[in-house]
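If you read the sequence from its start, that first residue is 1, and numbering goes on from there.
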Amino acid sequence: MATRQTATIARFMRLPAIVLLFIWMIVPLAMTVYFSFRYYNLLNPAAGGWAGFENYTYFLTDPAFFQAIRNTLAIVLGVLAITVILGTGVALLIDQPIFGQGIVRILVISPFFVMPPVAALIWKNMILHPGYGVFADIAKFFGGTPVDWFATYPLLSIIVIVAWQWLPFATLIFLTSLQSLDSEQKEAAEMDGAGFLSRFWHLTLPHMARAITIVILIQTIFLLGVYAEILVTTNGGPGYASTNLPFLIYRAALLNQDVGGAAAGGVVAVILANIVAVFLMRAVGKNLD
């Protein structure tokens with residue numbers, strides 16, 4: 001009886017936090033849905049009224065919409081490919097006993113603590129700048145012509161910047177997974193004459209499947225909302241070449257002052273994000289069982 005009363009009291013004490021979090025989430029979502037069905041332009045707030053599905057029709061028929069969807073998928077898939085492949089390789093390297101291993105690990109994970117706007121500015125002004133960036137200096141040293149990366153390869157540049165930020169996260173998760181691998185299994189495989197590639201494919205990689213799944217799920221959630229790197233570097237251009245779905249919504253809301261259209265875009269983005277989340281959970285979530 002005492003245990004049941006304690007559990008009831010504990011649930012009651014958690015109730016305010018649950019209610020606050022529910023309000024924190026549901027109120028912005030409800031307001032977004034409400035404004036998505038209304039005409040509301042900040043430049044002319046008096047010309048309001050009920051719009052029905054016109055905001056959704058306008059947003060979904062925007063010529064930039066499907067390009068924004070393609071760019072969003074390209075950023076997500078590109079960053080995932082780079083971070084999973086390179087993260088596995090870096091984790092395997094720093095898992096080896098080397099001099100200054102602790103310092104190396106700190107240096108590897110340090111980019112994860114750099115804020116996205118700062119990281120974008122570093123890459124824009126110090127690494128990829130066509131006049132005095134690191135890559136420009138390397139090209140000049142070998143007699144080549146510097147490349148204006150953000151004008152010529154804008155989407156690739158965004159993918160590289162975001163991947164640089166998320167690579168430490170993937171590396172840290174993979175390194176933790178590698179260190180939990182039973183050393184006796186590795187020794188037994190070595191005694192049986194298995195080479196490095198054979199041990200990696202049949203022993204290490206299956207053991208890392210759960211960690212890879214976690215990295216894919218967590219990163220996908222955040223990569224669907226990439227915004228700051230685009231704003232700081234390319235501003236979605238040239239044209240719409242590097243505009244993803246969040247940046248397209250930003251253009252509607254703050255550049256065109258169209259709150260109704262931006263709200264409709266936000267609802268569409270939430271729906272698409274949930275579809276992606278369900279697909280991922282069905283496709284790779286079984287590794288978490």
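- For Phe142, the ring-ring contact (aromatic ring centres under 6.0 Å, His included) criterion is met by no residue, not counting sequence neighbours.
- Residues passing the side-chain contact (heavy atoms from CB on, under 4.5 Å) test with Trp50, sequence neighbours excluded: Phe37, Arg38.
- A search for side-chain contact (heavy atoms from CB on, under 4.5 Å) contacts involving Pro130 returns Asp148, not counting sequence neighbours.
- Here Tyr34 pairs with nothing under the ring-ring contact (aromatic ring centres under 6.0 Å, His included) rule; sequence neighbours left out.
- Applying the side chain to side chain donor-acceptor pair (under 3.5 Å) test to pairs two or more places apart or on separate chains, those with a residue in residues 51-78 are Ser36-Tyr56, Tyr39-Glu54.
- The ring-ring contact (aromatic ring centres under 6.0 Å, His included) check on Phe222 picks up Trp166, with sequence neighbours excluded.
- Screening residues 239-251 for side chain to side chain donor-acceptor pair (under 3.5 Å) gives Thr234-Ser242 as the qualifying pairs, with residues at least two apart or on separate chains.
- By the ring-ring contact (aromatic ring centres under 6.0 Å, His included) test, Phe150 pairs with no residue at all, sequence neighbours left out.
- Remark: Ser157 engages no residue in a side-chain hydrogen bond (donor to acceptor under 3.5 Å, both in side chains) (not counting sequence neighbours).
- For residues 258-268, there are no side chain to side chain donor-acceptor pair (under 3.5 Å) pairs, not counting sequence neighbours.
- By the 6.0 Å contact criterion, OH on Tyr153 is open, its count of non-hydrogen atoms from other residues, nucleotides or ligands being 12 or less.
- For Thr83, the side-chain hydrogen bond (donor to acceptor under 3.5 Å, both in side chains) partners at least two apart in sequence or on another chain are Gln219.
- Every side-chain contact (heavy atoms from CB on, under 4.5 Å) that Met31 has, sequence neighbours left out, goes to Val27, Phe35.
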